[in-house]
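Just follow the structure's listing: the first ligand is 1, and inside any ligand the first atom is 1.
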Amino acid sequence: MKRTDYISWDEYFMGISLLSGMRSKDPSTQVGACIVDMDNRIVSIGYNGFLNGCSDEDFPWEREGDFLNTKYPYVVHAEQNAILNARGKNLEGCSIYVNLFPCHDCARNIIQSGIKKVYYLDDKYKDTDSTKASKFMFEKAKVECIRLKPRTEKIEISFKTQD
Ligand SMILES: O=c1[nH]c(=O)n([C@H]2C[C@H](O)[C@@H](COP(=O)(O)O)O2)cc1CO
Ligand SMILES: [Zn+2]
């Protein structure tokens, strides 16, 4: 008799996005993205962070104040990192799982990469122009956006061993 309490594909991939977000140093918003092909094979993963080869201390994590003294000009978004981490692999027809609804810049990159479905959890910036632009572009480009309603509230990962 097979196990019945295994996690669904959606919980698996969104869980990987959330786990990836746990690598983010952003004090306010940790975002993870997981790109999956049409055979449910994981193609790429990314989280929001600063630039390769630079120290995380080189840039500010602030949200407020003069634009150049905030993180916004510098932080690479999770979706962008996931697309770039695919290292040029063909993403046509793939899905992307991301815990936060994509900003308008990520929406453009998602569309241009050939990704056709966006699964998301949180839409806390739904009232911003950025998100409104994302939704408009996704609609015009026929990229499907699906808000995940997970069956369970949380999945626990434990490193406890039997010995
Ligand atoms: O599409 C996105 N992808 C993504 O990685 N992020 C990241 C960028 C920032 O590090 C953080 C947003 O910061 P905040 O919530 O403090 O404004 O989330 C933010 C968005 C949308 O806001
Ligand atoms: Zn973005």
Side-chain angles (χ1 to χ4, degrees), residues 10-37 42-150 154-155 157:
D10 287 344
E11 287 161 344
Y12 176 40
F13 299 133
M14 192 57 82
I16 287 172
S17 301
L18 287 161
L19 186 65
S20 170
M22 290 167 86
R23 281 286 304 152
S24 172
K25 286 83 180 176
D26 189 319
S28 70
T29 301
Q30 301 81 43
V31 188
C34 175
I35 299 173
V36 177
D37 72 13
I42 294 166
V43 173
S44 182
I45 297 175
Y47 58 89
N48 55 320
F50 286 142
L51 303 169
N52 291 340
C54 306
S55 141
D56 287 323
E57 276 57 350
D58 286 348
F59 300 96
W61 280 112
E62 270 57 47
R63 314 180 70 231
E64 312 282 337
D66 172 59
F67 184 60
L68 291 178
N69 291 331
T70 70
K71 64 191 170 189
Y72 297 105
Y74 316 110
V75 68
V76 184
H77 289 196
E79 304 90 317
Q80 214 134 28
N81 270 325
I83 289 167
L84 292 168
N85 289 339
R87 291 274 190 265
K89 258 184 248 169
N90 180 9
L91 301 181
E92 188 59 38
C94 284
S95 298
I96 187 167
Y97 288 75
V98 56
N99 57 297
L100 177 62
F101 193 86
C103 73
H104 67 282
D105 193 34
C106 289
R108 290 191 293 239
N109 287 306
I110 287 166
I111 291 162
Q112 295 304 89
S113 69
I115 291 170
K116 291 290 183 277
K117 283 187 187 171
V118 175
Y119 291 88
Y120 67 98
L121 267 186
D122 196 339
D123 196 4
K124 67 177 177 177
Y125 295 127
K126 64 171 146 318
D127 298 328
T128 64
D129 287 348
S130 177
T131 299
K132 288 173 185 166
S134 297
K135 289 177 177 170
F136 180 66
M137 290 188 282
F138 281 140
E139 184 201 331
K140 293 295 176 194
K142 295 185 178 49
V143 170
E144 195 182 351
C145 297
I146 300 122
R147 183 165 202 170
L148 274 195
K149 298 256 173 304
K154 59 171 68 170
I155 291 170
I157 294 175

Novice: Any chance the side chains of Y47 and D26 put a donor and an acceptor closer than 3.5 Å?
Specialist: no
Novice: Of all the atoms in ligand 1, which lie at a distance below 4.0 Å from a heavy atom belonging to C106?
Specialist: 1 (O)
Novice: For atom 1 (O) of ligand 1, grab the closest protein heavy atom and report residue, atom and distance to one decimal in Å.
Specialist: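 Scanning the protein heavy atoms, the shortest distance from atom 1 (O) of ligand 1 goes to E79 OE2, 2.8 Å.
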Novice: Determine the minimum heavy-atom distance between T29 and S24, stating which atoms define it.
Specialist: O-OG, 4.1 Å
Novice: Among all protein heavy atoms, pick out the one at the shortest distance from atom 9 (C) of ligand 1; state its residue, atom name and that distance to 0.1 Å.
Specialist: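 Result: D26 OD2, 3.4 Å.
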Novice: I need the contact type for Y72 against ligand 1. Using non-hydrogen atoms and a strict under-4.0 Å cut-off, is it side chain, backbone, both or neither?
Specialist: side chain
Novice: So, S44 side chain and A86 main chain: donor-acceptor pair closer than 3.5 Å or not?
Specialist: yes
Novice: Within 2.8 Å of the Zn ion (ligand 2), is there any N, O or S atom belonging to C103?
Specialist: yes
Novice: Could you please spell out the steps behind the salt bridge (Lys or Arg N to Asp or Glu O under 4.0 Å) verdict for K135 and D123?
Specialist: CA-CA 11 Å; K135 289 177 177 170; D123 196 4; 2.7 Å; yes
Novice: Ignoring hydrogens and angles, state whether a donor on the side chain of S130 or H104 is under 3.5 Å from an acceptor on the partner side chain.
Specialist: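 H104 and S130 do have a side-chain donor-acceptor pair below 3.5 Å.
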Novice: Mark up the atoms of ligand 1 that fall under 4.0 Å of a heavy atom belonging to P102, in ascending order.
Specialist: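 Atoms satisfying the 4.0 Å criterion: 1 (O).
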Novice: What is the name of the N/O/S atom of H77 that is nearest to the Zn ion (ligand 2)?
Specialist: ND1
Novice: Would you mind finding which of D123, T128, N48 brings a heavy atom closest to atom 7 (C) of ligand 1?
Specialist: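 Among D123, T128, N48, the closest heavy atom to atom 7 (C) of ligand 1 belongs to N48.
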Novice: With no hydrogens and no angle check, do the side chains of S134 and T131 hold a donor and an acceptor under 3.5 Å apart?
Specialist: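 Looking only at side-chain atoms, T131 and S134 do not form any donor-acceptor pair under 3.5 Å.
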Novice: Checking R147 side chain against Y120 main chain: does a donor-acceptor pair fall under 3.5 Å?
Specialist: no
Novice: Which ligand 1 atoms does Y125 reach within 4.0 Å, using its non-hydrogen atoms?
Specialist: 14 (P), 15 (O), 17 (O), 22 (O)
Novice: So which heavy atom on L148 is nearest to which on D10, and how close?
Specialist: CD2-OD2, 3.5 Å
Novice: Taking heavy atoms and a distance under 4.0 Å, where does S28 meet ligand 1: side chain, backbone, both or neither?
Specialist: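 The answer is the side chain of S28.
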Novice: For atom 12 (C) of ligand 1, which candidate among T70, T29, D105 holds the nearest heavy atom?
Specialist: T29
Novice: Any idea which heavy atoms bring A82 and G46 closest together, and the distance?
Specialist: CB-N, 3.7 Å
Novice: Name the option, out of H77, K124, E64, K71, that contains the heavy atom nearest to atom 8 (C) of ligand 1.
Specialist: H77
Novice: Minimum heavy-atom separation for S28 to K124, with atom names?
Specialist: O-NZ, 4.2 Å
Novice: Check R63 against ligand 1 and report side chain, backbone, both or neither, counting heavy atoms closer than 4.0 Å.
Specialist: side chain
Novice: Tell me the protein heavy atom at minimum distance from atom 5 (O) of ligand 1, and give that distance in Å.
Specialist: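 For this ligand atom, the closest protein heavy atom is A78 N, 2.9 Å.
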Novice: Considering both backbone and side-chain atoms of V75, is one of its nitrogen or oxygen atoms within less than 3.5 Å of a nitrogen or oxygen in ligand 1?
Specialist: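 There is no such contact.
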